[in-house]
Amino acid sequence: MKEAARQARAESRIIGLVPTMGALHAGHLSLIERARRECSPLIASIFVNPKQFGPDEDLSKYPRTFESDCEKLQSSGVDALFAPEPREIYPEGFTTYVNVDGLSDRLEGRSRPGHFRGVTTVVMKLLEIVQPKFAYFGRKDAQQSRLITQMARDLNLDTGIVVCPPVRESDGLALSSRNVYLNAEERKAALVLYRALEAAKNELAAGVRDALHLQGVLQRTLGAERHARVDYAEVVDAESFEPVVRVNKPCYVLLAVFIGKTRLIDNLYIEPKSLDSEDLVFHF
Ligand code: AMP
């Protein structure tokens with residue numbers, strides 16, 4: 001991979017990288033489409049990164065669909081697939097990690113200790129191996145994209161981090177490789193995440209700015225679904241991911257909810273329509 005990337009760089013080509021854990025869906029493919037418009041060669045990676053799974057998480061169960069992933073990548077115009085083995089990425093004696101302080105400890109990081117250290121370490125390695133001009137990530141994982149952008153800035157990386165909007169099913173459920181864990185009843189119940197985000201949006205559109213009030217709306221909407229158990233439902237500053245009191249700057253409504261045994265995350269990004277504007281724009 002290093003040799004191929006080196007050669008492309010020597011030819012002054014614009015390398016794009018789309019890192020994934022496989023089990024590809026239309027969300028991944030949207031990143032690939034965007035990258036294909038901006039880069040050539042376009043490289044995708046598939047690596048189910050053991051270091052971002054906690055001891056009680058779903059590493060061994062995580063969906064692996066390598067054959068059909070390869071077909072999807074081929075028909076979407078990816079030039080090369082990098083699919084290393086865990087021992088290539090983490091040879092014996094591996095001891096060096098990348099950690100983004102502070103931001104890694106909140107929300108997802110609090111619920112999943114060590115998760116983000118695993119993410120930033122593997123992304124740093126992938127970026128170092130490929131040295132792409134641009135790397136593409138999904139805002140569906142809002143905190144993750146924010147952390148990677150921070151890491152790239154802090155470590156003077158030459159890769160531009162491009163964050164792309166989430167792709168949803170027609171009924172609003174955000175696509176996720178983990179959706180395959182849901183049975184039919186849970187699949188219906190999973191819509192409560194989208195309903196909660198919509199409920200928050202409706203309040204905001206009606207002029208509510210108080211974060212505590214919004215949190216009440218989120219909790220009530222999520223609490224009405226008997227298959228749902230809330231991990232967190234927060235309104236946070238889009239830069240710091242610290243809770244806000246009022247929504248008058250770029251913010252996220254962030255949700256992490258167990259539907260049965262499956263943990264799903266989703267978010268709504270909110271920003272003022274323009275500088276000094278009271279009106280908000282909503283990005284699902
Ligand atoms: P994963 O395979 O889950 O690690 O995801 C690989 C990349 O795809 C990450 O940057 C995710 O944020 C992004 N991604 C996952 N789900 C979606 C989605 N529904 N829409 C857009 N991007 C997504």
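Fair warning: this is a prediction, and the values are worked out from it, not measured in the lab. Each ligand, and each atom within it, is numbered from 1 in the order the structure gives. For the numbers below, each heavy atom of this structure counts, side chains included, while hydrogens, waters and symmetry mates do not.
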N/O of C164 under 3.5 Å from N/O of ligand 1, yes or no? no

If you measure every N/O of M21 against every N/O of ligand 1, is any gap under 3.5 Å? yes

Looking only at distance, does K140 have an N or O less than 3.5 Å from an N or O of ligand 1? no

Does ligand 1 have an atom that lies less than 4.0 angstrom from a heavy atom of P19? yes

Is H25 near ligand 1, meaning one of its heavy atoms is under 4.0 Å from it? yes

Close approach, P165 and ligand 1, non-hydrogen under 4.0 angstrom: yes

Anything under 30° is parallel, anything over 60° is perpendicular, the rest tilted; go ahead and classify F241 against Y252. tilted

Taking the basic N atoms (NZ, or NE/NH1/NH2) and the acidic carboxylate oxygens, is any pair closer than 4.0 Å for E108 and R263? yes

For Y97 and K51, which I'm curious about, is there any donor-acceptor pair between the side chains at under 3.5 Å? yes

Charged N to carboxylate O below 4.0 Å: is that the case for R146 and E239? yes

S30 versus ligand 1: do any nitrogen or oxygen atoms come within less than 3.5 Å of each other? no

Heteroatom distance test (A174, ligand 1): nitrogen or oxygen, under 3.5 angstrom: no

